[in-house]
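It should be emphasised that the depicted structure is a prediction, and the values quoted were computed from it without experimental measurement. Letters A, B, ... mirror the listed sequences (proteins, then strands); counts begin at 1.
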There are 2 protein chains.
Amino acid sequence: MTKGRVTVIDIAKAAGVSKSTVSLVLQGSPLVNEGTRSKVNAAMRELGYVYNRGAANLRQASAKSKIIGVVVNDLTNSFFAELAVGVDMVVQSAGFVQFLSNTSESIDRQREVVASMREHGISGLIVSPARATEAADLKPLVAADIPVVVVVRSLPGAKVSSIVSDNQGGTSAAVEHLASLGHTRIAFLGGFPDTAVFEERLAGYAGGMKAAGLGFHEELVVSSAPSRAGGVDAIGRAMAMADRPTAAVCFNDAVAFGVCDGLRARHMEPGRDFAVVGFDDVIEAQTAVPALTTISVDPQSMGRRAAQLLLKQINAGKAEPESITTAVRLVVRESCGAAQKKAGRKMA
Amino acid sequence: MTKGRVTVIDIAKAAGVSKSTVSLVLQGSPLVNEGTRSKVNAAMRELGYVYNRGAANLRQASAKSKIIGVVVNDLTNSFFAELAVGVDMVVQSAGFVQFLSNTSESIDRQREVVASMREHGISGLIVSPARATEAADLKPLVAADIPVVVVVRSLPGAKVSSIVSDNQGGTSAAVEHLASLGHTRIAFLGGFPDTAVFEERLAGYAGGMKAAGLGFHEELVVSSAPSRAGGVDAIGRAMAMADRPTAAVCFNDAVAFGVCDGLRARHMEPGRDFAVVGFDDVIEAQTAVPALTTISVDPQSMGRRAAQLLLKQINAGKAEPESITTAVRLVVRESCGAAQKKAGRKMA
DNA sequence: CTACATAATTGGAACGTTCCAAATATGTCA
DNA sequence: TGACATATTTGGAACGTTCCAATTATGTAG
């Protein structure tokens with residue numbers, strides 16, 4: 001009874017047809033007679049048949065493996081968790097399944113997981129590359145005609161599609177907002193200068209400063225690790241300057257939180273004595289004190305779009321690289337001081 | 001040149017050996033001569049060979065597929081994201097890869113993804129079951145000798161391994177702490193009564209009350225949805241009672257946050273006018289205002305343990321169901337009022 | 001009844017690997 | 001040298017599916 005697994009041949013025998021017919025039923029072919037189809041389906045239920053995709057993939061192109069790989073650089077960051085959820089949504093409803101791996105920013109780990117995914121015959125890959133990733137790392141994939149969509153961080157020179165948020169537009173809007181609040185010495189804090197994301201956000205900052213007639217001053221940008229600790233460090237250096245800034249747009253929310261910590265350590269209250277704007281709108285941004293004014297990039301919808309693009313390329317067979325930048329929006333909370341005039345809540 | 005994929009046969013031809021030998025090299029067999037091995041490896045690098053696991057799994061038992069499935073009920077909840085990271089860590093270093101899916105608490109979705117994973121021949125499954133999951137849902141898996149580890153929520157009557165946190169110990173400790181602070185009317189707020197987790201946490205609460213000599217009073221437990229909104233609702237009903245409680249242990253952190261909201265709506269300050277304790281220690285717990293006193297269950301280590309257990313069972317071939325409960329610890333912050341005597345921070 | 005189109009079904013040959021039993025090479029001992 | 005053990009290699013035959021060309025059944029027009 002429980003000897004070995006149930007195969008199409010067992011089904012064929014039970015339904016009194018040939019294995020070819022069973023295969024046709026499996027693929028929903030219109031060629032098979034309605035009566036036969038239901039007989040076969042009945043037999044499958046009866047025997048508890050489970051489809052063996054591995055065997056099927058042996059014959060078919062790997063585009064039919066129905067596996068899509070997702071590689072993120074930091075799953076503990078809720079931004080990426082949300083992204084993965086977005087991907088999963090559309091991928092799942094298209095009958096695909098998601099292979100998800102976390103590289104923890106390690107390039108070696110990334111190589112390993114991508115290799116492993118290839119062995120399993122993924123039909124496509126969505127990747128938020130680890131820090132030092134180079135275009136060459138994805139070369140073998142595209143050579144094998146496996147569609148790849150890079151998200152969040154763009155990969156200079158790679159012939160693959162990418163979806164990034166409008167980093168430039170975001171920081172530009174942040175500067176504009178701070179300027180409208182009367183700030184003139186606005187700093188740009190945090191982030192590693194050797195990344196594409198940094199360049200874009202910095203460009204938006206610079207553009208915003210010029211547009212506001214404040215000019216771009218090199219000394220107002222102080223880089224650091226894109227983390228909470230990095231933020232503490234950056235604000236420290238900023239406050240050591242002769243002509244101190246009164247506001248800052250930060251590389252991301254983590255840095256912004258660190259900046260707030262650093263301000264308090266200097267007995268300054270973020271939102272009252274100094275304006276802080278973050279980037280990402282992570283989940284803690286709204287519950288933190290003061291609530292963080294930040295640039296919101298809906299990671300879930302980003303994931304959804306990435307998945308849609310990837311599926312389109314998988315179905316098309318050939319993948320024309322395509323670049324999408326998704327809109328961001330400034331969400332004004334308390335840390336920029338704009339809410340100050342509103343009823344003085346006891347606790348801010 | 002680029003015609004078709006590179007197979008063992010191509011490698012064999014290039015290295016001047018038979019495909020069988022190549023296969024042995026692939027499997028790291030000690031039977032093959034060192035010289036031959038390196039010749040073969042060289043050929044593989046040369047031709048850009050990629051192993052086809054699908055084909056291999058056709059011959060081997062599914063235990064060698066090197067895929068382990070992970071199904072969680074809510075990936076947007078950082079608790080589960082952390083859990084998945086923990087799983088990924090050990091799974092990855094054992095040379096496996098993780099199939100991760102999110103059910104969003106939908107039992108149908110869960111059925112789909114589990115079925116899909118089976119088709120792909122997973123060697124094992126780690127699942128945090130969606131709400132209405134029954135033991136029968138996992139029956140086919142165990143019948144097929146696929147090891148299953150249930151995490152977070154236990155599944156009554158299923159013959160599978162499980163890892164849950166010490167819910168009972170956690171709430172019991174929470175009550176003890178509140179009692180030591182002088183509270184006598186301590187409520188248990190939130191959660192759906194028809195779940196195993198609720199029962200366990202309630203039992204801990206009841207035990208703690210009795211142990212503290214306060215007795216268990218039915219009217220002090222008010223259930224609700226295990227969400228922020230549910231918390232608002234629950235505290236509302238609790239405050240409508242004649243003999244009001246002065247403290248509450250909540251079903252989870254989300255409920256606790258809702259309770260705080262509800263208290264403020266009644267012009268009461270959590271931590272000062274009413275003591276609140278949560279459960280889970282989600283990431284926001286420490287940044288919220290007031291910082292939430294809660295029961296911490298390290299999800300990442302839980303994920304690691306689940307993966308270890310699963311791998312053990314996969315390697316053992318046969319899986320003896322095993323039940324583990326992981327320790328929890330009370331982390332005292334501000335919402336319980338214990339920190340009151342400490343220097344009055346401006347902002348709490 | 002023949003000729004032909006259409007609908008439905010089918011047997012075998014792939015796909016890329018592993019496993020087995022058997023073959024070959026190499027060394028050792030009497 | 002022959003006999004035997006040991007180390008290494010090898011040709012098929014699986015595994016469970018899909019694809020193709022070929023077959024059979026059914027209907028319809030001449």
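In terms of phosphate contacts, B:Thr36 brings a side-chain nitrogen or oxygen within less than 4.0 Å of OP1 or OP2 of D:dT9. Residue B:Ser23 has a polar side-chain atom (N or O) positioned under 4.0 Å from OP1 or OP2 of C:dT18. One finds a side-chain N or O of B:Thr21 lying less than 4.0 angstrom from the OP1 or OP2 phosphate oxygen of D:dT10. Between B:Gln27 and C:dC19 there is a side-chain polar atom (N or O) within less than 4.0 angstrom of OP1 or OP2.
You'll find a donor-acceptor pair under 3.5 Å spanning the side chain of A:Ser20 and the base of C:dG11, going by distance alone.
Spacing between atom NZ of A:Lys13 and atom C1' of C:dG11 amounts to 14 Å, rounded to whole angstrom units. A:Leu31 places its CG atom 14 Å from the C1' atom of D:dT18, with the value rounded to the nearest Å. Across the protein-nucleic acid pair, B:Asn33 atom CG and C:dA25 atom C1' stand 11 Å apart, rounded to whole Å. Per the geometry, CD1 belonging to B:Ile9 stands 12 Å off P belonging to C:dT18, to the nearest Å. Remark: P of C:dT9 and CG of A:Leu24 are 9 Å apart, rounded to the nearest angstrom. Atoms CD (A:Glu34) and P (C:dT9) sit 10 Å apart, rounded to a whole Å.
For the side chain to side chain donor-acceptor pair (under 3.5 Å) test with B:Ser161, the passing option among B:Gln313, B:Glu320, B:Lys312 is B:Gln313; the others fail.
Listed nucleotides C:dC19, D:dT18, D:dT9 differ in distance to B:Gln60; the shortest reach to its side chain belongs to C:dC19.
By the 4.0 Å N-to-carboxylate-O rule, A:Arg37 lies close enough to A:Glu34 to be salt-bridged with it. The existence of a salt bridge linking B:Glu105 and B:Arg153 is confirmed by a sub-4.0 Å separation between a basic side-chain nitrogen and an acidic carboxylate oxygen.
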If you restrict it to nitrogen or oxygen atoms, what contacts under 3.5 Å exist between nucleotides 13-16 of chain D and the protein, and what is each distance?
| residue | atom | partner | partner atom | Å |
| --- | --- | --- | --- | --- |
| D:dA14 | N3 | B:Arg59 | NE | 3.4 |
| D:dA14 | N3 | B:Arg59 | NH1 | 3.2 |
| D:dG16 | N2 | A:Ala55 | O | 3.3 |

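Side-chain contact between A:Val90 and A:Leu311 is present, with at least one heavy-atom pair separated by less than 4.5 Å.
With 3.5 Å as the limit, one finds no donor-acceptor pair spanning the side chains of A:Asp108 and A:Ser106. Under 3.5 Å, the side chains of B:Ser128 and B:Asn73 contain a donor-acceptor pair of N or O atoms. Judged purely by distance below 3.5 Å, without hydrogens or angles, the side chains of A:Gln98 and B:Ser101 never pair a donor atom with an acceptor atom.
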